[in-house]
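Before any comments, here is the structure.
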Amino acid sequence: MMPEISLNILDVAENSVRAGASLIEITVSVQPDADSITVIIEDNGCGMTKEQVQQVQDPFFTTRTTRKVGLGVPFFKQAAESTGGSFRIDSETGKGTVVEAVFGLSHIDRMPLGDISSTIYTLVVFNSDIDFVYTYKYGEKQFVLDTREMRELLGHDISFSEPEVSVFIKEYLETNRLETDGGADI
Amino acid sequence: MKSLEELRAIRAKMQGKVGVRAENENQIRVVVGMATCGIASGARPVLTALSDAVQEQNLSEKISVTQTGCIGLCQYEPIVEVMEPGKEKVTYVKMTPEKALEVLRIHLLGGQVVTKYTLSAAQNNAK
């Protein structure tokens, strides 16, 4: 199992990268009143057939040739369902995939959210040809990082991996998370 | 809240300063395995430590840090592969941010392979 929800998010979003997505939208919504954390990862990649959607939830199925197990999606599903939450995948060939996991916020078996800012940073900086829209919500408050908006402001000739830019991205994610959730231990 | 508008200032500051950072033939390629096995074993902080250090020390022209999928040696993750032009690939296993920075200092900058962290050393120890 992964030690943090944010590592599951990184792992499952890497599937979207490999599905050839040009846009990946990630939403993390922490709702103390509803006692839930909802994670949605949506991409416009190659999508899957109904049969493949069933197969990716099976730990002993993978399309890889390097090993015989595929644990990413089963880990995420198990982590959510073991907290009284839910898990679903909607996918359509040629259109894309939506993965949604709901966790019981106060459930004793829920792993911590962990360093979600670092997950988003890694995805954005190391996949510069893909656009990301990341939304973090805590109760009524929220902030968004939209790389399309960033490219608009920055121009297309400056890479996100330039030190000045990557430091900004890191600070943006960390500062705004803190202002959104007030440093809550999630 | 921090605003994306700050990027305008960064753009203005960097105007004309941005060189072409295309991958060149002499660049050392450092690849971190970031599939489920790598991520579960701690590859994310290893990747971040390497890329932060490369940026901080202004080494981006000499060293490129990228990620890859499953290398097929899951039990040895986190794995960092070093590909230097004209040299044999070196596979470092069971990396941590600290070990990765040691590899950066001794191998990538100093030119000496850190034998104790390599795959062959791990395989010999297992025998």
Side-chain angles (χ1 to χ4, degrees), chain A residues 1-4 6-8 10-12 14-15 17-18 62 64-67 69-76 114-115 118-119 121-122 125-127 141 143-147 149-155 157-159 161-176 179-180, chain B residues 1-23 31-60 63-75 77-79 97:
Chain A
M1 290 290 272
M2 299 280 181
E4 298 176 359
S6 74
L7 291 174
N8 284 286
L10 177 59
D11 190 24
V12 173
E14 294 284 357
N15 293 342
V17 172
R18 279 189 289 274
T62 182
R64 290 180 190 288
T65 52
T66 52
R67 53 173 150 77
V69 291
L71 297 175
V73 170
F75 271 171
F76 199 29
D115 195 350
S118 185
T119 281
Y121 172 84
T122 304
V125 173
F126 288 94
N127 297 288
K141 288 186 166 182
F143 83 92
V144 178
L145 177 103
D146 185 337
T147 58
E149 207 182 321
M150 288 177 60
R151 277 183 228 281
E152 194 82 10
L153 290 163
L154 199 59
D157 51 343
I158 299 175
S159 155
S161 61
E162 287 289 338
E164 287 87 343
V165 183
S166 66
V167 164
F168 169 81
I169 296 172
K170 199 172 274 184
E171 283 176 6
Y172 180 89
L173 289 165
E174 283 169 3
T175 309
N176 289 354
E179 286 195 27
T180 303
Chain B
M1 287 273 178
K2 212 169 164 61
S3 158
L4 288 179
E5 287 294 319
E6 287 180 37
L7 289 169
R8 279 189 207 280
I10 293 177
R11 180 184 190 170
K13 205 173 106 189
M14 290 179 72
Q15 210 86 53
K17 259 174 49 180
V18 183
V20 184
R21 284 254 173 93
E23 285 181 21
V31 179
V32 182
M34 289 287 285
T36 308
C37 43
I39 294 170
S41 326
R44 188 184 62 189
V46 170
L47 177 70
T48 313
L50 281 170
S51 70
D52 282 357
V54 164
Q55 284 190 358
E56 279 160 18
Q57 297 172 42
N58 273 325
L59 302 167
S60 320
I63 301 166
S64 88
V65 181
T66 52
Q67 53 178 0
T68 186
C70 176
I71 296 161
L73 297 161
C74 310
Q75 68 273 37
E77 294 280 357
I79 293 175

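In what follows, every chain begins at residue 1, and chains take the letters A, B, ... in the order their sequences are listed.
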| task | Using non-hydrogen atoms and a 4.5 Å limit, figure out which bit of Glu5(B) sits close to chain A: side chain, backbone, both or neither. | result | both
| Is Glu152(A) atom CD crowded by more than 12 heavy atoms from other residues, nucleotides or ligands, each under 6.0 Å away? | no
| request: Name the region of Ile169(A), side chain, backbone, both or neither, that has any atom closer than 4.5 Å to a heavy atom of chain B. | output: neither
| Distance under 6.0 Å and angle within 45° of the ring axis: does Lys170(A) meet both against Tyr121(A)? | yes
| request: Name the option with the most non-hydrogen atom pairs under 4.5 Å to chain A; the candidates are Thr48(B), Leu47(B), Asp52(B). | output: Leu47(B)
| said: Which atoms of Ser118(A) are under 4.5 Å from chain B, going by heavy atoms: the side chain, the backbone, both sets, or neither? | reply: both
| note | Tightest non-hydrogen contact, residues Glu179(A) and Met1(B), listed as OE1-N, 2.6 Å
| Should Ser51(B) and Phe126(A) count as side-chain neighbours, where that means a heavy-atom distance under 4.5 Å? | yes
| task | Scan side-chain atoms only and decide if Thr36(B) and Asp11(A) contain a donor-acceptor pair under the 3.5 Å cut-off. | result | yes
| side chain to side chain contact (heavy atoms under 4.5 Å, CB included) between Phe75(A) and Val12(A): does it pass, once the steps are laid out? | CA-CA 10 Å; Phe75(A) 271 171; Val12(A) 173; over 6 Å; no
| Given that the side chain runs from C-beta out, which part of Ser41(B) has a heavy atom under 4.5 Å from chain A: side chain, backbone, both or neither? | neither
| query | At a heavy-atom separation under 4.5 Å, does Asp115(A) approach chain B through its side chain, its backbone, both, or neither? | reply | both
| Pairs of heavy atoms under 4.5 Å with chain B: top-ranked of Asn176(A), Val167(A), Thr180(A) | Asn176(A)
| Considering only heavy atoms, which portion of Ser166(A) lies under 4.5 Å from any heavy atom of chain B: side chain, backbone, both, or neither? | side chain
